[in-house]
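Labels below follow one simple rule: chain letters A, B, ... track the order of the sequence lines, proteins then strands, and each chain is numbered from 1.
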Protein chains: 2
Amino acid sequence: MSARRPFIRAGEETRRAALIEATLDLIAEGGPQAATVRAIALRAGVTPGLIRHYFATKEELIAAAHETLMTGLTDASAAALDSLPDDPLGRLAGFVTNAVSPPVTDPRSVALWAASMQLVPRDPVMRAVHEATYLGFRDRLEAMIADALRAADRPATEARALAIAGNALLDGLWIEAGALPDHFADGELKSIAIKAFSHLLELKLPEV
Amino acid sequence: MSARRPFIRAGEETRRAALIEATLDLIAEGGPQAATVRAIALRAGVTPGLIRHYFATKEELIAAAHETLMTGLTDASAAALDSLPDDPLGRLAGFVTNAVSPPVTDPRSVALWAASMQLVPRDPVMRAVHEATYLGFRDRLEAMIADALRAADRPATEARALAIAGNALLDGLWIEAGALPDHFADGELKSIAIKAFSHLLELKLPEV
DNA sequence: CGCTAAATTATACACTTGCATAATTACTCG
DNA sequence: CGAGTAATTATGCAAGTGTATAATTTAGCG
């Protein structure tokens with residue numbers, strides 16, 4: 001008779017992390033409808049029943065996956081900041097360049113972002129998370145813009161409006177890079193972003 | 001015995017439009033997973049079987065709905081163009097303003113766009129529709145930018161790059177307006193967009 | 001080395017999904 | 001006014017869904 005599948009006891013943290021990672025992978029590859037209980041379990045190297053042992057319901061697992069995704073994204077964008085040059089113009093240029101280059105422009109990230117974006121209008125929790133991460137990114141950009149303006153002896157009164165516009169510009173480029181990767185030559189988006197920011201701020205940003 | 005449900009023959013165009021509208025409503029309200037064959041039929045006032053009579057597969061209906069949505073969006077921003085002044089600067093300013101004002105910035109539209117965006121990376125049909133509508137909008141913008149530059153006796157060589165950046169800017173503002181409607185004062189986005197375009201093109205666009 | 005508790009697998013069930021096909025009805029045209 | 005045709009409804013089905021529950025295995029502990 002067929003032997004029962006052997007297994008090892010991995011413990012709560014390991015298994016929860018594996019299940020969440022499998023969920024995110026599946027959503028990125030095939031959308032939310034691809035993240036079925038069975039597919040998640042298969043990818044996590046586990047049987048479907050175990051999911052219920054760690055998450056009372058599938059919805060709970062999805063929520064946990066979203067939280068992991070969002071905190072991961074903000075952490076990644078915060079980590080890249082430290083390796084930027086010290087002068088305000090260089091820092092801003094590096095920040096802008098990073099935002100439209102790999103690994104930030106990664107199909108997986110864009111797909112996951114689109115999936116969560118879809119929940120924002122009707123899920124208050126998702127809305128709060130989105131708001132926090134959006135404002136976090138924009139505030140950082142605003143600070144850099146203000147620094148760059150002051151370094152050129154210019155008033156920073158318009159920094160907020162410029163940050164909103166600049167953030168929108170980066171978002172739009174990032175999305176299109178993820179949606180239609182073949183439409184732009186290598187480095188084209190980077191160059192466009194730097195030139196656009198130079199025009200926006202009336203400052204000459206260096207191309208990295 | 002229960003009588004068979006009475007009906008009227010509505011014809012192809014009417015029924016296709018009703019089915020597409022029902023599909024978009026459902027996706028906007030509850031995401032793609034809410035747009036089941038039965039729910040769509042119910043909302044369209046029809047039995048599920050009829051869907052198959054007009055669309056070979058559900059995927060085909062979804063694609064048609066996406067196309068309707070996207071052409072509707074681009075048409076909406078182009079609609080008011082006829083009533084705008086003839087001068088290139090005024091036309092461009094009107095175009096930009098429309099793109100970040102109601103009814104274009106409508107939570108429903110943004111939710112629908114996010115839903116379809118999620119399918120673009122892996123569905124070739126969706127991808128083609130997205131590509132076509134994206135390029136359609138961008139090309140219109142590029143033509144207006146070129147006109148505005150030439151009217152100021154400036155070369156239009158950078159029109160493509162400027163159109164890519166301008167399109168990204170409008171997309172980003174549009175998304176945030178739909179996702180976080182309470183975050184921006186009335187007319188704030190409009191003003192930001194006009195100022196940003198003025199800086200981008202080094203031209204003074206009139207606020208409408 | 002055996003016992004026990006928790007981790008994991010296995011099985012089953014009720015429900016929903018998209019789709020196929022047959023039966024009926026409403027409208028058009030002679 | 002009567003027949004034919006296409007639009008529409010009705011029914012059924014096989015596959016997939018989330019979840020509940022029972023059976024079994026692993027690993028730590030005395």
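One finds no side-chain N or O of A:Thr57 lying less than 4.0 angstrom from the OP1 or OP2 phosphate oxygen of D:dG18. Applying the 4.0 Å criterion to OP1 and OP2 of D:dT8, one finds that B:Tyr54 has a side-chain N or O inside that range.
Remark: A:Arg140 is not positioned above the aromatic ring of A:Phe95, lacking an NZ or CZ atom under 6.0 angstrom from the ring centre and at most 45 degrees off the axis.
When atom types are taken as modelled, the side chain of A:Thr57 and the backbone of A:Glu60 share no donor-acceptor pair closer than 3.5 angstrom.
The base of C:dA23 sits with one of its N or O atoms less than 3.5 Å from a complementary donor or acceptor on the side chain of B:Arg4. In this model, no side-chain donor or acceptor of A:Arg52 finds a partner on the base of D:dG18 within 3.5 Å. Below the 3.5 angstrom threshold, one finds a donor paired with an acceptor across the side chain of B:Arg9 and the base of D:dA6.
Atom pair B:Leu50:CG and C:dG18:P shows a separation of 16 Å (rounding to whole Å applied). Atom C1' of nucleotide C:dA6 and atom CZ of A:Arg15 are separated by 13 Å, given to the nearest angstrom. Atoms CZ (B:Arg5) and P (C:dA23) sit 21 Å apart, rounded to a whole Å. Here C:dT17 presents its C1' atom at 15 Å from CG of B:Leu26, a figure rounded to the nearest Å. Whole-Å rounding puts the B:Leu19 CG to D:dA7 P distance at 13 Å. Following rounding to the nearest Å, A:Ile51 (CD1) and C:dA10 (P) show an atom-to-atom distance of 15 Å. Following rounding to the nearest Å, A:His53 (NE2) and D:dT21 (C1') show an atom-to-atom distance of 13 Å. Counting to the nearest Å, the P atom of C:dG18 and the CG atom of B:Leu42 are 14 Å from each other.
The distance from the CG atom of A:Leu69 to the OG1 atom of A:Thr23 is 11.5 Å, given to the nearest 0.5 Å.
Looking at heavy-atom distances under 4.0 Å, B:Val37 makes contact with sugar-phosphate atoms alone, never a base.
Two residues, B:Gln33 and A:Gly45, neighbour DNA chain C, and the one matched to the more 5' nucleotide by heavy-atom proximity is A:Gly45.
For B:Phe7, the listed nucleotide lying nearest its side chain is D:dT9; candidates were C:dT9, D:dT17, D:dT9. For A:Ala10, counting side-chain heavy atoms from C-beta on, the closest listed nucleotide (C:dT8, D:dT19, D:dT9) is C:dT8. Checking C:dT17, C:dA7, D:dT17 against the side-chain heavy atoms of B:Thr36 singles out C:dT17 as nearest. Of all nucleotides listed (C:dT9, C:dA12, C:dC19), C:dC19 comes nearest to the side chain of B:Arg38.
Remark: B:Glu59 CD is loosely packed, at most 12 non-hydrogen atoms of other residues, nucleotides or ligands lying under 6.0 Å away. Within a 6.0 Å radius of CD in A:Glu142, more than 12 heavy atoms belonging to other residues, nucleotides or ligands are found.
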